[in-house]
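The chain is numbered in sequence order, starting from 1.
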Amino acid sequence: MLKLLIVDDEIYVIRALMKSVDFADLGFDQVHQALGVKEAKEILEDDAIDLIICDIEMPGASGLELIEWVNDRYPETETIFLTGHAEFAYAQRAVQLGSFEYLLKPVRTEELIQTVNKAVEKIREKKDAAGMVETSKKYRSLWERQRAVVVERYWQNLLAGRLVPTEENLRDVNLPVDRHACILPILISIEQWHKEFSLRDEDTLEYALRNAAAELLLGDYAGDIIKDDNGILFALIYGMQDGLYDRSSVAGACRLFAEACSRYFYCTVSCYIGHAVPFHGLTEVYHRLIELEQENLSNPLSIQQLDQPAGQSAGQSAGRSRHPHAIPWQDWVTLFETGNKSELMKRLDQLFADMQETQADTESASALYHALIYMIYHVAHKNGLSVKEWSGLRDRSGELAAIRSIPQLKAWSERLLDTAFRYLASQRNESSLLIEKTKQYIKANLKDVTREKAADYIYLNSAYLSRVFKRETGQSIIDFIIGAKMDRAKILLTETNLRIVDICEEIGYENYSHFGQAFKKKVGISPLEYRKRFQKRST
């Protein structure tokens with residue numbers, strides 16, 4: 001519904017208009033009246049008026065002066081001028097002020113109704129247009145908010161081997177890069193939080209950290225800051241080509257970013273810089289960066305680069321289709337991850353038979369070779385396992401020999417998978433043992449335990465241990481430490497007469513206030529109330 005303001009210094013004119021015209025029928029749910037410019041301004045300041053029917057000649061300020069004031073403040077308001085003087089100067093000024101119409105008194109009711117109807121039509125057209133603009137802005141804003149999620153999911157699928165990059169799907173996510181461009185990946189590892197934060201606080205700080213990474217690491221380049229399936233942060237810089245950008249400047253940007261994180265975001269960060277490679281070589285560099293981070297045990301503020309350009313063989317065979325989607329990728333991953341060796345080997349045998357029958361070329365052989373390697377990398381890193389010792393994965397020089405013939409590729413594949421299946425089983429057992437060893441260390445060292453000390457104890461990178469611990473147990477290592485402290489506190493509160501302040505010290509809290517807050521958050525009541533409740537039950 002619309003709002004109308006009638007301005008005239010003669011009250012009988014206003015009454016005549018109100019009596020002769022059914023403004024509600026014309027679409028107005030509110031009709032205001034003003035006997036002068038001052039009163040009109042007060043109404044306009046209090047309410048959003050859509051249309052003004054205004055006299056020109058009034059004592060003091062004129063209607064022309066009023067509308068000039070309105071245009072400065074409320075430009076969407078339409079005006080119909082009424083005047084008893086057919087002076088050209090008035091009409092000229094009314095046109096200059098953009099009035100909708102200029103009518104002479106006494107105005108015929110039919111003429112006024114017709115004019116108001118036209119004004120209403122114009123007002124509604126403008127409102128509809130404004131609504132469309134607002135809707136457009138809303139959806140654009142929604143897309144901008146969702147774009148980061150869409151892009152992140154795209155990269156997660158690509159890095160995990162679930163997606164083949166094409167010009168079409170790159171356009172679908174609006175990435176400013178084509179599938180032949182090079183991407184420089186940088187792994188961002190949050191090694192340590194300097195303060196104890198809640199998960200919500202960590203998420204907030206991580207959001208700020210991602211924005212800082214976008215500003216300092218991407219700089220003037222196009223790119224995105226994303227998380228992979230395992231929660232590892234990566235900066236992906238688009239359009240670079242290895243050897244044609246300044247490596248020292250990239251490392252310098254990483255140092256500035258790491259220092260900013262330490263100074264402003266209460267955390268220690270390491271950066272692992274990959275090599276700019278085409279899409280088909282990105283998965284290999286991605287996995288090598290994860291290994292590089294995993295092998296960095298205790299080197300805070302570390303800025304490291306891969307020792308040699310990964311994918312030199314990829315560059316030499318850039319024209320070949322080497323992507324693992326040449327095989328039924330997801331099925332094979334599932335079989336390998338679940339330890340179903342017999343079924344996977346059966347399917348491999350069938351594939352080799354088909355390749356032999358169709359006389360597959362080296363392109364197909366190379367695709368299978370790399371598919372098997374990527375499958376092992378994918379499953380290993382998904383389960384938090386290292387593949388640095390797995391036979392056939394580190395030495396790329398064996399590719400040419402392996403793909404020389406189908407029988408040779410078959411023999412190589414069988415050796416690789418036999419080793420991989422055995423090592424996967426042993427590593428999983430070892431991973432479970434490491435988690436149990438970590439838990440025991442935490443419980444035995446509650447007074448001064450930290451995530452970093454636990455990681456050092458079992459010779460793992462702390463960020464890597466956090467991911468493995470969360471994957472194995474379903475909770476973060478920090479939550480486990482706090483839970484272990486509270487469990488010990490409950491025992492001491494109920495089975496000893498130790499002062500609460502002494503219990504604080506024994507489990508590693510420096511003051512009662514901090515301990516009390518943590519205990520109440522975990523248990524639901526204060527330490528003192530917990531002790532009293534137990535004592536009541538025992539009497």
Side-chain angles (χ1 to χ4, degrees), residues 190-206 231 261-262 265-269 297-298 300 384 429-539:
I190 303 175
E191 304 285 357
Q192 177 185 4
W193 293 104
H194 298 163
K195 294 184 177 181
E196 189 173 303
F197 296 111
S198 67
L199 291 178
R200 182 175 180 179
D201 290 337
E202 283 191 17
D203 288 341
T204 301
L205 285 170
E206 187 177 289
C261 290
S262 179
F265 304 129
Y266 311 105
C267 63
T268 297
V269 163
L297 297 181
S298 302
N429 291 335
E430 183 180 343
S431 178
S432 298
L433 290 173
L434 285 174
I435 295 302
E436 188 58 36
K437 192 174 180 180
T438 301
K439 289 180 177 181
Q440 292 174 4
Y441 174 82
I442 290 170
K443 292 177 181 178
N445 296 273
L446 288 177
K447 186 171 185 177
D448 61 354
V449 68
T450 64
R451 183 185 73 161
E452 288 65 36
K453 288 181 178 179
D456 288 343
Y457 177 72
I458 59 173
Y459 304 104
L460 284 179
N461 172 278
S462 59
Y464 178 77
L465 173 61
S466 292
R467 292 197 298 273
V468 174
F469 195 96
K470 181 69 177 290
R471 187 179 298 112
E472 289 281 329
T473 67
Q475 68 177 145
S476 72
I477 192 169
I478 298 300
D479 280 348
F480 181 83
I481 290 173
I482 294 173
K485 286 175 180 282
M486 296 307 111
D487 288 343
R488 179 60 179 164
K490 286 189 286 186
I491 292 173
L492 295 175
L493 285 167
T494 58
E495 296 183 6
T496 75
N497 292 321
L498 284 173
R499 297 181 307 164
I500 294 180
V501 67
D502 294 329
I503 294 175
C504 288
E505 183 178 352
E506 181 162 333
I507 63 173
Y509 282 91
E510 295 181 356
N511 59 73
Y512 173 78
S513 176
H514 189 192
F515 165 65
Q517 291 174 3
F519 189 91
K520 189 171 184 179
K521 184 177 180 181
K522 194 76 175 177
V523 181
I525 57 177
S526 70
L528 183 59
E529 187 177 355
Y530 186 87
R531 171 170 272 177
K532 287 180 178 178
R533 285 188 183 184
F534 177 82
Q535 291 172 341
K536 285 181 181 178
R537 287 198 302 269
S538 63
T539 56

| message | Between Lys520 and Glu529, is the salt bridge (Lys or Arg N to Asp or Glu O under 4.0 Å) condition met? List the steps. | response | CA-CA 10 Å; Lys520 189 171 184 179; Glu529 187 177 355; over 6 Å; no
| What heavy-atom pair brings Cys267 and Ile190 nearest, and what distance separates the two atoms? | CB-CG2, 4.2 Å
| message | Working to the nearest 0.5 angstrom, can you tell me the gap between Ile503 CD1 and Arg488 CZ? | response | 9.0 Å
| To the nearest 0.5 Å, what is the distance between CG (Leu498) and SG (Cys504)? | 11.0 Å
| message | Going by side-chain contact (heavy atoms from CB on, under 4.5 Å), Ser466 matches just one of Asn461, Ile478, Ile477. Which one? | response | Ile477
| Any side-chain heavy-atom pair of Tyr530 and Val523 under 4.5 Å | yes
| said: Can you give me the closest heavy-atom contact between Lys485 and Leu446, atom names plus distance? | reply: NZ-O, 2.6 Å
| Parallel, tilted or perpendicular for Tyr509 and Phe515, by the 30°/60° rule? | tilted
| For Lys439, what residues pass the salt bridge (charged side-chain N to carboxylate O under 4.0 Å, His left out) criterion, not counting sequence neighbours? | none
| query | If you round to the nearest 0.5 Å, how far is CZ of Arg499 from CD of Glu506? | reply | 13.0 Å
| Can you tell me how far OG of Ser526 sits from CZ of Arg533, rounded to the nearest 0.5 angstrom? | 8.5 Å
| field | Nearest non-hydrogen partners of Phe519 and Ile525, listed with the distance | value | CD2-O, 3.2 Å
| field | Derivation and outcome, side-chain contact (heavy atoms from CB on, under 4.5 Å), residues Ile482 and Lys521 | value | CA-CA 11 Å; Ile482 294 173; Lys521 184 177 180 181; over 6 Å; no
| message | Looking at every non-hydrogen atom in both residues, tell me the closest pair between Arg531 and Ile500 and how far apart they are. | response | NH1-CG1, 4.3 Å
| task | Tell me, please, which residues at least two apart from Gln440 pass side chain to side chain contact (heavy atoms under 4.5 Å, CB included). | result | Glu436
| field | Beyond-backbone contact of Glu206 with Phe265, side-chain heavy atoms, under 4.5 angstrom | value | no
| remark: Heavy-atom closest pair (Ser462 atom, Ala455 atom, distance to 0.1 Å) is CA-CB, 3.5 Å
| note | Scanning both residues in full, the closest heavy-atom pair of Lys490 with Thr494 reads O-OG1, 2.8 Å
| field | Non-hydrogen side-chain atoms of Asn445 and Lys453 separated by less than 4.5 Å | value | no
| query | Say you draw a straight line from CD1 of Ile442 to OG1 of Thr450; how long is it, rounded to the nearest 0.5 Å? | reply | 9.5 Å
| message | So Thr268 and Glu452, do their side chains get closer than 4.5 Å, heavy atoms only? | response | no
| query | For Thr438 and Phe469, what are the C-alpha separation, side-chain angles and deciding distance, and is it a side-chain contact (heavy atoms from CB on, under 4.5 Å)? | reply | CA-CA 9 Å; Thr438 301; Phe469 195 96; 4.2 Å; yes
| Rounded distance [0.5 Å steps], CG in Asp456 versus CG in Leu465 | 10.0 Å
